[in-house]
Amino acid sequence: MAEEKSLNFLEEIIDNDLKAGNYQSITTRFPPEPNGYLHLGHAKSICLNFGLALRFGGKTNLRFDDTNPVTEETEYVESIKNDVKWLGFTWANELYASDYFEQLHGFAIKLIEKGLAYVDDSKSEDIALQKGTPTKAGVANVYRSRSIEENLKLFADMKAGVYKDGEKVLRAKVDLASPNMHMRDPVIYRIKHAYHHRTGDTWCIYPMYDFAHGQSDSIEQVTHSICTLEFVPHRELYDWFIKNLEIYPSKQYEFARLNVTYTVMSKRKLLQLVTEKYVTGWDDPRMPTISAMRRRGYTPESIRDFCDRIGIAKRENLIDIGLLEFCVREHLNKIATRRMVVTDPLKVVITNYPEGKSEILTSENNPEDHDSGSREMPFSRQLYIEQDDFMEVPAKKYFRLAPGQMVRLKSAYIIKCEEVIKDGSGKVTELHCTYVPESKSGSDVSGINVKGVIHWVSAAHALPIEIRQYDRLFNIEDLSAGDEDFKVHINPNSLTVLNTVFAEPSLKDATAEDRFQFMRIGYFCLDTDSTKDKLVFNRTVTLRDMWAKEKK
RNA sequence: UGUCCUAUGGUGUAAUGGUAACACUGCAGAUUUUGAUUCUGCCUUUCUAGGUUCGAAUCCUAGUAGGACAACCA
């Protein structure tokens with residue numbers, strides 16, 4: 001109870017509503033349109049809507065806003081449900097705007113009967129023209145003054161399939177002179193002879209967003225209908241419909257959508273990346289979709305933590321992708337199993353280690369979790385270490401391997417570089433080292449203190465694997481400006497596949513659920529492309545690397 | 001040149017008329033058998049101008065800047 005975290009503006013509104021007795025409990029909803037996969041921005045909304053109900057006592061519905069049959073598919077419905085569940089939330093009811101088509105149709109008739117809606121025969125472009133501009137009032141056309149009886153008849157004919165797509169629409173009769181464009185007689189029903197993923201061919205007229213969303217909220221008695229800022233101008237209409245339909249008064253509130261550096265957060269743009277093959281699919285690990293992040297190795301906990309840290313407000317924001325990375329690292333550091341993997345191998349021969357001999361060494365699975373136990377690793381005469389861990393001419397402050405220098409092999413022995421073997425072109429191909437037998441980890445009596453500790457893999461026992469390293473999808477921070485040209489900023493090096501990679505043998509038992517830290521490299525998880533013969537690992541995120549900065 | 005929304009360190013978010021704080025980033029150091037983790041310290045902030053008030057980041061007015069709105073999309 002001492003936990004006094006300050007409230008964001010929505011929590012404050014709800015808190016006040018509850019204290020004032022406006023509601024006994026709250027109902028929120030997460031209302032995706034099933035026309036694409038969920039992304040990080042949706043995660044923010046999901047955490048908000050479900051989080052609010054959890055915090056203040058109430059419930060959250062999952063409602064699909066499926067009023068446009070031409071863009072919506074069952075595949076998307078399934079992926080959305082899966083993603084919400086994976087994020088760790090449970091909805092009170094699974095609902096669809098299409099469940100309300102009958103009711104919504106009744107609402108439309110009620111509006112017509114009240115003289116507040118009319119059938120318009122105009123072409124789409126003409127309606128747009130007649131609406132005027134933000135600075136110039138719209139003008140009425142002849143259809144606006146049709147009689148109630150005629151409107152009823154025409155609307156019935158629209159429903160009966162008498163007309164073709166685009167021939168007629170039903171419009172609300174609001175105010176053509178309103179400074180709010182959305183109040184200038186918005187279209188509320190249009191004709192679409194299209195198969196709907198749930199209602200099939202039952203309907204050929206479908207309600208528009210403005211005539212479906214608020215009404216659905218109302219039907220479900222949603223108390224706080226939370227959406228993003230671009231819907232602010234819709235609020236006046238939202239309230240107008242509720243008032244004139246005389247239905248449950250849900251209230252709409254708006255918060256700023258999430259923007260993250262070096263990525264795009266719009267379903268339209270993400271769809272383009274998919275259809276135009278810039279990525280391999282919605283779950284390509286470079287995408288900011290929930291499914292991609294899951295495949296890449298992000299944990300639901302880390303995404304929730306991120307959503308918690310970015311806060312909720314009404315001002316435009318651009319969150320540093322570094323914060324997301326911080327959140328995953330923080331979680332993965334606690335739970336990831338440590339393994340040694342050499343991504344860019346350099347052969348090392350321990351010249352004073354007997355030929356043919358090998359021994360088993362043990363190493364902790366996770367120093368952050370003492371219950372995680374340890375695993376065994378074979379050590380032998382020939383090893384691989386990272387190319388980066390040797391410098392023939394060491395830089396200042398470099399404390400890894402160099403001619404005549406010593407390092408410790410993690411969980412093994414201290415070795416000293418005695419000889420550098422090169423090929424004809426002068427490239428270092430092999431190192432001859434000696435080891436200090438009494439320096440074995442856990443029973444070191446050598447008295448030698450070395451600063452450098454590097455990872456290694458026994459050559460004879462090494463498991464070849466593939467590693468996929470991901471970088472940011474775009475090479476500029478702020479993609480908000482560009483529209484169609486956002487694709488010119490695509491980072492051509494967003495994916496690097498490494499195929500000469502050697503892992504310690506225990507990694508062969510990796511499962512899809514495992515999270516690994518390849519020591520000194522980064523966090524990884526098994527990719528779905530893995531086969532029995534070839535394990536493929538995705539790099540979720542690198543480890544922080546102060547040395548990389550030092551080098552610059 | 002209509003209406004609406006917004007403006008606090010580099011990035012986010014708090015401070016609810018009473019000493020501007022927290023996180024991330026950055027920088028410096030300590031510890032470390034991961035140059036990781038952990039720990040310590042430091043840098044940097046109220047868009048401008050008026051007004052109300054004993055007192056303003058907070059309230060008011062004007063300006064400035066950014067954003068949203070003219071889909072038979074949501």
Side-chain angles (χ1 to χ4, degrees), chain A residues 5-8 12 31-33 35 65-68 70-72 120 122-124 127-129 131-138 165-171 178-184 186-192 205-206 208-210 212-213 227 229-236 254 256 261 267-268 309-320 322-327 329-330 333-334 338 340 363-364 367-368 397-400 407-412 414 439 441-442 444 449-455 477 480 517-522 542-550:
Chain A
K5 208 199 161 198
S6 59
L7 303 181
N8 65 47
E12 217 165 286
E33 183 189 10
N35 68 344
D65 256 356
D66 54 350
T67 56
N68 185 1
V70 305
T71 56
E72 296 155 5
D120 193 327
S122 309
K123 282 208 265 300
S124 168
I127 290 179
L129 238 43
K131 275 191 186 178
T133 69
T135 54
K136 214 183 334 167
D165 288 13
E167 246 181 281
K168 283 181 167 50
V169 291
L170 183 69
R171 286 228 258 169
S178 171
N180 181 347
M181 296 298 291
H182 294 275
M183 300 299 277
R184 323 250 263 227
V187 171
I188 58 177
Y189 259 94
R190 71 310 204 174
I191 300 169
K192 272 179 195 284
I205 55 170
Y206 293 92
M208 297 284 291
Y209 166 84
D210 284 310
H213 195 98
C227 59
L229 250 27
E230 62 271 29
F231 292 98
V232 168
H234 292 253
R235 191 176 59 231
E236 196 180 350
E254 311 86 9
T261 54
K267 266 196 261 181
R268 207 193 86 250
R309 286 170 185 265
I310 58 178
I312 300 292
K314 294 187 77 160
R315 79 185 85 124
E316 303 260 336
N317 58 79
L318 180 60
I319 309 284
D320 189 339
L323 181 61
L324 214 211
E325 293 175 347
F326 168 83
C327 293
R329 285 192 186 107
E330 189 176 57
N333 175 51
K334 292 191 194 108
R338 270 59 172 177
M340 291 200 229
S363 190
E364 344 172 55
E368 305 287 324
K397 290 188 61 203
Y398 184 82
F399 47 78
R400 304 177 195 171
V407 285
R408 170 171 294 280
L409 297 175
K410 171 74 185 170
S411 298
I414 291 171
S439 68
S441 280
D444 184 350
N449 241 328
V450 291
K451 181 133 170 95
V453 179
I454 64 174
H455 60 278
E477 273 201 346
S480 67
Q517 183 198 100
F518 292 171
M519 297 193 84
R520 306 205 303 135
I521 308 285
T542 62
L543 252 35
R544 279 182 74 208
D545 186 0
M546 298 309 264
W547 172 243
K549 285 172 191 157
E550 186 79 36

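Residue numbers start from 1 in every chain, and the chains themselves are labelled A, B, ... in the order their sequence lines are given, proteins ahead of strands. Source: prediction; values computed, not measured.
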Same-atom distance (C1') from B:G10 to B:U46, integer angstrom | 16 Å

Whole-Å distance, A:Glu236 CD to B:A70 C1', equals 15 Å

Looking only at side-chain atoms of A:Glu368, point me to the closest of B:G35, B:A36, B:C27.
-> B:A36

Pair of N/O donor and acceptor under 3.5 Å linking B:U33 base with A:Arg408 side chain | yes

Could you tell me whether the side chain of A:Lys267 and the main chain of A:Glu33 form a donor-acceptor pair under 3.5 Å?
-> yes

Could you check whether A:Met340 gets within reach of a base, just the sugar-phosphate, or nothing at all, counting any heavy atom under 4.0 Å?
-> nothing

Walking RNA chain B from its 5' end, the first of A:Asn449 and A:Ile127 to be reached, judged by nearest nucleotide, is A:Asn449

Report which part of the nucleic acid A:Met546 touches: base, sugar-phosphate, or nothing (heavy-atom distance under 4.0 Å, all strands).
-> sugar-phosphate

Is A:Lys334 touching bases, backbone alone, or none of the nucleic acid, heavy atoms closer than 4.0 Å?
-> nothing

C1' atom, B:G51 versus B:U58: distance in rounded Å?
-> 15 Å

Take the protein atom OH of A:Tyr189 and the nucleotide atom P of B:C73, then report the distance between them rounded to whole Å.
-> 14 Å

Within-4.5 Å side-chain heavy-atom neighbours: A:His455 and A:Ile521 | yes

Taking OP1 and OP2 of B:G26, is either one under 4.0 Å from a side-chain nitrogen or oxygen of A:Lys549?
-> yes

If a protein heavy atom is under 4.0 Å from the base, mark B; if only from the sugar-phosphate, S; if neither, -; do that for nucleotides 1-16 of chain B going 5' to 3'.
-> -BSSSSSB--SSSS-B

A:Arg338 side chain to A:Ser363 backbone, donor-acceptor under 3.5 Å | no

Find the distance between CZ (A:Arg520) and NZ (A:Lys410) and round it off to the nearest 0.5 Å.
-> 10.5 Å

Check whether any side-chain N or O of A:Arg184 sits under 3.5 Å from a backbone N or O of A:Thr133 as a donor-acceptor pair, and report yes or no.
-> yes

Within the structure shown, what part of the strands sits under 4.0 Å from A:Phe399 by heavy-atom distance: base, sugar-phosphate, or nothing?
-> base

May A:Trp547 be described as stacking on the base of B:G35, applying a 5.5 Å centroid limit and a 30° limit on plane angle?
-> yes

Which part of the nucleic acid does A:Phe518 contact within heavy-atom distance under 4.0 Å: base, sugar-phosphate only, or nothing?
-> nothing

Between the base of B:G35 and the side chain of A:Arg520, is there a donor-acceptor distance below 3.5 Å?
-> no

Gap in Å between the two C1' atoms, one belonging to B:U31 and one to B:U25, rounded | 23 Å

Within the structure shown, what part of the strands sits under 4.0 Å from A:Arg329 by heavy-atom distance: base, sugar-phosphate, or nothing?
-> nothing

Distance test, side-chain N/O of A:Ser124 to OP1/OP2 of B:C72, below 4.0 Å | yes

Looking for any heavy atom pair under 4.0 Å, which part of the strands does A:Pro367 touch: base, sugar-phosphate only, or nothing?
-> base

Would you classify A:Lys267 as touching base, sugar-phosphate or nothing, given that sugar-phosphate means primed atoms plus P, OP1 and OP2, and contacts are heavy atoms under 4.0 Å?
-> nothing

Residue from A:Val453, A:Val450, A:Ile454 passing side-chain contact (heavy atoms from CB on, under 4.5 Å) with A:Val407 = A:Ile454

Heavy atoms of A:His182 and A:Pro233 approach each other most closely as CD2-CB, 3.6 Å

Under-3.5 Å donor-acceptor pair between A:Glu330 side chain and B:U37 base = no

Nucleotide B:U37, atom C1' - distance to CD of A:Glu325 in whole Å = 17 Å

Between A:Thr542 and A:Arg329, the two heavy atoms sitting closest are O-NE, 2.7 Å

So, A:Glu72 side chain and A:Asn68 main chain: donor-acceptor pair closer than 3.5 Å or not?
-> yes

In whole Å, what separates the C1' atom of B:U11 from that of B:U45?
-> 12 Å

Find out whether A:Leu229 and A:Lys314 are in side-chain contact, i.e. whether some heavy atom of one side chain is under 4.5 Å from a heavy atom of the other.
-> yes

Parallel, tilted or perpendicular: which fits the ring planes of A:Tyr209 and A:His234, with parallel below 30° and perpendicular above 60°?
-> perpendicular

Selection from B:C72, B:G35, B:U32 that lies nearest to any side-chain heavy atom of A:Lys451 = B:U32

With a 4.0 Å cut-off on heavy atoms, is A:Thr67 in touch with a base, just the backbone sugar-phosphate, or nothing at all?
-> sugar-phosphate

Touch check for A:Val169, heavy atoms < 4.0 angstrom, all strands: base, sugar-phosphate only, or nothing?
-> base

Tell me what A:Gly442 touches on the nucleic acid: a base, only sugar-phosphate, or nothing, going by heavy atoms under 4.0 Å.
-> base

Using atom P of each nucleotide, how far apart are B:A23 and B:U38 to the nearest Å?
-> 13 Å

Expressed in angstrom and rounded to an integer, what is the separation of A:Glu230 atom CD from B:G67 atom P?
-> 15 Å

Measure from CG on A:Asn333 to P on B:A36 and round the result to the nearest Å.
-> 12 Å

Taking the P atom of each, how far is B:U13 from B:U8, in whole Å?
-> 8 Å

When you compare B:U34 with B:C27, how far apart are their C1' atoms, in angstrom units rounded to a whole number?
-> 23 Å

B:U1 and B:A65, which share atom name P, separated by this distance in whole Å | 16 Å

For the pair A:Asp545 (side chain) and A:Ala548 (backbone), establish whether a donor and an acceptor sit closer than 3.5 Å, ignoring hydrogens and angles.
-> yes

Which range-with-range stems can be found for RNA chain B when each stem has 3 or more Watson-Crick or G-U pairs in a row and both distances sit under 3.5 Å?
-> B:2-7 with B:64-69, B:10-13 with B:21-24, B:26-30 with B:38-42, B:47-51 with B:59-63

Quickly work out the A:Arg268 CZ to B:A71 C1' distance and round it to whole Å.
-> 12 Å

Round to the nearest Å and state the distance from A:Leu543 atom CG to B:G35 atom P.
-> 9 Å

Contact class for A:Ser363 vs. all strands (heavy atom < 4.0 Å): base, sugar-phosphate, or nothing?
-> nothing

Rounded distance (Å) that lies between atom C1' of B:C73 and atom CG of A:Asp165 = 15 Å

Hey, does the side-chain of A:His234 have a donor or acceptor N/O within less than 3.5 Å of a partner on the base of B:A68?
-> no

So, for A:Ala256 and A:Asn317, which heavy atoms are closest and what is the spacing to 0.1 Å?
-> CB-ND2, 3.8 Å

